[in-house]
Peer 1: 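I have a structure here, written as structure tokens, and I will follow up with some questions on it.
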Amino acid sequence: MTRRRRIYEGKAKVLFEGPEPGTLVQYFKDDASAFNNKKKGVITGKGVLNNRISEYLMSRLGEIGVPTHFVRRLNMREQLVREVEIIPISLVVRNVAAGSLSRRFGIPEGTPLPRSIIEYYYKSDDLGDPMVSEEHITAFGWAAPQDLDDMVALSLRINDYLSGLFLGTGLKLVDFKLEFGRLWENEEMRIVLADEISPDNCRLWDIKTNEKLDKDRFREDLGKVEEAYQEVARRLGILPEGGPNDLMAPKTMQ
Ligand code: TMP
């Protein structure tokens with residue numbers, strides 16, 4: 001097998017050079033990390049499920065006109081994406097208090113927020129992804145005011161659409177993290193959604209029971225982590241054909 005050039009290795013994914021210029025292959029690992037890499041583990045089958053879940057959600061978003069880096073799924077663990085220049089700011093959209101917002105302001109988890117709140121974090125492992133303001137982002141040149149406006153407008157559309165989509169499957173979209181990149185076409189630059197959307201970077205709670213069906217099960221040692229990812233895929237109607245057994249399929253590449 002020919003070895004492809006590894007462009008970047010993150011905590012949960014690897015990016016390889018794609019088959020054509022301007023493309024990358026995004027490989028989904030089973031590795032999980034939390035608390036800025038202080039907690040590490042493996043969630044068996046997570047990569048296969050996140051590849052499917054992200055494919056599904058990015059495709060649906062594409063259909064309503066949200067530009068994304070996603071091109072197509074290649075196999076169990078890989079998808080073809082457009083190569084973009086990643087903007088070093090993560091956007092977190094919150095609908096319900098949880099996680100760091102609950103800790104920071106002493107608001108009990110599960111409290112509905114008066115309106116959706118967007119937060120910005122500067123992507124830096126060394127600094128532990130500090131929260132930043134619009135002022136920091138534009139003053140330090142991480143993104144231009146227009147880029148930021150586009151990212152916020154897209155994030156709000158994504159939130160509205162995904163909240164409804166998940167509600168239809170009996171899940172509450174509590175909060176989620178998005179990443180964006182710049183894509184140049186014919187001298188023109190567009191901001192597009194990048195990275196992934198999966199239970200790794202969303203909080204999803206069962207509407208009736210408030211059971212957590214996302215990476216908080218790993219972060220908080222709640223057990224049944226694999227089952228939670230499978231349940232999200234099942235509710236979206238996209239469990240791999242062979243069911244959970246398929247998730248153990250051999251890794252397709254090195
Ligand atoms: P937080 O409450 O820990 O700040 O997380 C908010 C949302 O962002 C939650 O859905 C998890 C997601 N997230 C990531 O995807 N990556 C991260 O590094 C962090 C801190 C949060």
Side-chain angles (χ1 to χ4, degrees), residues 12-13 26 28 46-73 79 81-82 84 86-87 89-102 109-121 148-181 190-217 219 228-239:
K13 294 188 292 295
Q26 184 165 255
F28 288 74
K46 172 172 84 77
V48 175
L49 289 167
N50 282 358
N51 188 19
R52 294 252 173 178
I53 293 170
S54 202
E55 169 198 21
Y56 180 78
L57 298 175
M58 291 259 181
S59 301
R60 298 292 81 75
L61 286 167
E63 285 163 10
I64 63 157
V66 171
T68 82
H69 74 157
F70 178 79
V71 180
R72 66 175 179 276
R73 188 167 62 82
Q79 50 183 242
V81 299
R82 307 284 298 270
V84 299
I86 289 287
I87 294 168
I89 301 297
S90 301
L91 272 78
V92 169
V93 185
R94 300 181 187 269
N95 300 308
V96 175
S100 69
L101 180 127
S102 287
E109 272 211 337
T111 309
L113 298 172
R115 61 178 176 82
S116 301
I117 292 175
I118 295 188
E119 296 169 347
Y120 310 111
Y121 293 85
L148 207 47
D149 285 352
D150 291 354
M151 287 157 68
V152 168
L154 286 170
S155 297
L156 292 174
R157 280 187 69 201
I158 292 167
N159 184 42
D160 281 350
Y161 181 77
L162 291 186
S163 291
L165 185 147
F166 279 119
L167 193 60
T169 72
L171 291 170
K172 193 189 297 181
L173 180 58
V174 170
D175 57 34
F176 58 101
K177 187 231 3 170
L178 297 174
E179 298 198 4
F180 294 90
R190 281 199 300 162
I191 301 287
V192 306
L193 179 63
D195 193 44
E196 70 179 298
I197 310 181
S198 73
D200 266 11
N201 50 24
C202 297
R203 283 195 175 94
L204 296 165
W205 296 357
D206 181 85
I207 286 288
K208 292 207 184 95
T209 65
N210 276 346
E211 186 187 8
K212 295 179 177 181
L213 293 168
D214 54 61
K215 203 167 91 175
D216 271 352
R217 299 203 74 85
R219 293 188 189 97
Y229 284 72
Q230 284 170 27
E231 178 62 13
V232 172
R234 192 188 66 74
R235 292 201 191 192
L236 292 171
I238 52 168
L239 251 195

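Because the structure is a prediction, the values reported are computed rather than measured. The chain is numbered in sequence order, starting from 1.
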Peer 1: For L193 and L154, what are the C-alpha separation, side-chain angles and deciding distance, and is it a side-chain contact (heavy atoms from CB on, under 4.5 Å)?
Peer 2: CA-CA 8 Å; L193 179 63; L154 286 170; over 6 Å; no
Peer 1: What pair of heavy atoms forms the shortest contact from S102 to A97, and how long is it?
Peer 2: OG-C, 3.4 Å
Peer 1: Does R157 make a cation-pi contact with Y161 (under 6.0 Å, within 45 degrees of the axis)?
Peer 2: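 No, a cation-pi geometry is absent between R157 and Y161.
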Peer 1: To check you understand the geometry: which heavy-atom pair defines the closest contact between I53 and S198, and what is its length?
Peer 2: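 Where I53 meets S198 most closely, the heavy atoms are CG2-CA, 4.1 Å.
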Peer 1: Does T68 reach the side chain of V192, with side-chain heavy atoms less than 4.5 Å apart?
Peer 2: no
Peer 1: First locate atom CD1 of I238, then atom OG of S59, and finally report the distance between them rounded to the nearest 0.5 Å.
Peer 2: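 Answer rounded to 0.5 Å: 9.5 Å.
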Peer 1: Side chains of E231 and Y229: donor-acceptor distance under 3.5 Å anywhere?
Peer 2: no
Peer 1: Are E55 and R52 close enough, and set up right, to give a salt bridge (charged side-chain N to carboxylate O under 4.0 Å, His left out), and what steps lead you there?
Peer 2: CA-CA 5 Å; E55 169 198 21; R52 294 252 173 178; 5.3 Å; no
Peer 1: For side-chain contact (heavy atoms from CB on, under 4.5 Å), just list the numbers for L173 and V93, CA-CA rounded to whole Å, side-chain angles, deciding distance to a tenth of an Å, and then say yes or no.
Peer 2: CA-CA 10 Å; L173 180 58; V93 185; over 6 Å; no
Peer 1: With a 4.5 Å cut-off on side-chain heavy atoms, are N201 and D195 touching?
Peer 2: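 Contact flag for D195/N201 side chains = yes.
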Peer 1: As an exercise, state the distance from CZ of F180 to CG of D150, rounded to the nearest 0.5 Å.
Peer 2: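 The CG atom of D150 is 9.5 Å from CZ of F180, to the nearest 0.5 Å.
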Peer 1: Please give me the minimum heavy-atom distance between A194 and G181, naming the atom from each residue.
Peer 2: CB-N, 4.3 Å
Peer 1: Answer whether the closest heavy-atom distance between the side chains of I87 and L148 falls below 4.5 Å.
Peer 2: no
Peer 1: Looking only at side chains, do N95 and N159 share a donor and an acceptor under 3.5 Å apart?
Peer 2: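 Note: N95 and N159 side chains meet the donor-acceptor criterion.
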Peer 1: Quick check: do K172 and L204 have side-chain heavy atoms less than 4.5 Å from each other?
Peer 2: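 No, every pair of side-chain atoms sits at 4.5 Å or beyond.
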Peer 1: Could you walk me through whether L167 and I207 pass side-chain contact (heavy atoms from CB on, under 4.5 Å), step by step?
Peer 2: CA-CA 8 Å; L167 193 60; I207 286 288; 3.5 Å; yes
Peer 1: Find the distance between CG (L213) and SG (C202) and round it off to the nearest 0.5 Å.
Peer 2: 12.0 Å
Peer 1: How many angstroms lie between atom CZ of R60 and atom CG of L236, to the nearest 0.5 angstrom?
Peer 2: 10.0 Å
Peer 1: Mind checking whether P199 and K215 have side chains closer than 4.5 Å, heavy atoms only?
Peer 2: no
Peer 1: Taking side chain as C-beta onward, heavy atoms only, is V92 less than 4.5 Å from I118?
Peer 2: no
Peer 1: Distance alone, cut at 3.5 Å: any donor-acceptor contact between the side chains of S100 and R94?
Peer 2: yes
Peer 1: Check whether any side-chain heavy atom of L101 sits under 4.5 Å from a side-chain heavy atom of E119, and report yes or no.
Peer 2: yes
Peer 1: From the options E196, R72, Q26, select the one residue that forms a side-chain hydrogen bond (donor to acceptor under 3.5 Å, both in side chains) with Q79.
Peer 2: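 The residue from E196, R72, Q26 that satisfies side-chain hydrogen bond (donor to acceptor under 3.5 Å, both in side chains) with Q79 turns out to be Q26.
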Peer 1: Is a donor on one side and an acceptor on the other found under 3.5 Å between the side chain of S54 and the backbone of N51?
Peer 2: no
Peer 1: Whether the side chain of S90 engages the backbone of E179 through a donor-acceptor N/O pair (distance < 3.5 Å, no angle test) should be reported.
Peer 2: no
Peer 1: Tell me, with the steps shown, if K212 and E109 meet salt bridge (charged side-chain N to carboxylate O under 4.0 Å, His left out).
Peer 2: CA-CA 12 Å; K212 295 179 177 181; E109 272 211 337; 2.9 Å; yes
Peer 1: Could you tell me if the side chain of F176 sits less than 4.5 Å from the side chain of R203, heavy atoms only?
Peer 2: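 Sidechains of F176 and R203: no contact.
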Peer 1: Mind checking the CG-OH spacing from L91 to Y120? Nearest 0.5 Å is all I need.
Peer 2: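 Atom-to-atom, L91:CG and Y120:OH are 6.0 Å apart.
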Peer 1: How far does CH2 of W205 sit from CG of D214, to the nearest 0.5 angstrom?
Peer 2: 8.5 Å
Peer 1: Could you walk me through whether L156 and V152 satisfy the side-chain contact (heavy atoms from CB on, under 4.5 Å) test, starting with their C-alpha distance in whole Å, then the side-chain angles of each, then the deciding distance to 0.1 Å, before giving a yes or no?
Peer 2: CA-CA 6 Å; L156 292 174; V152 168; 4.1 Å; yes
Peer 1: Not counting sequence neighbours, which residues clear salt bridge (charged side-chain N to carboxylate O under 4.0 Å, His left out) with D206? List them please.
Peer 2: R235
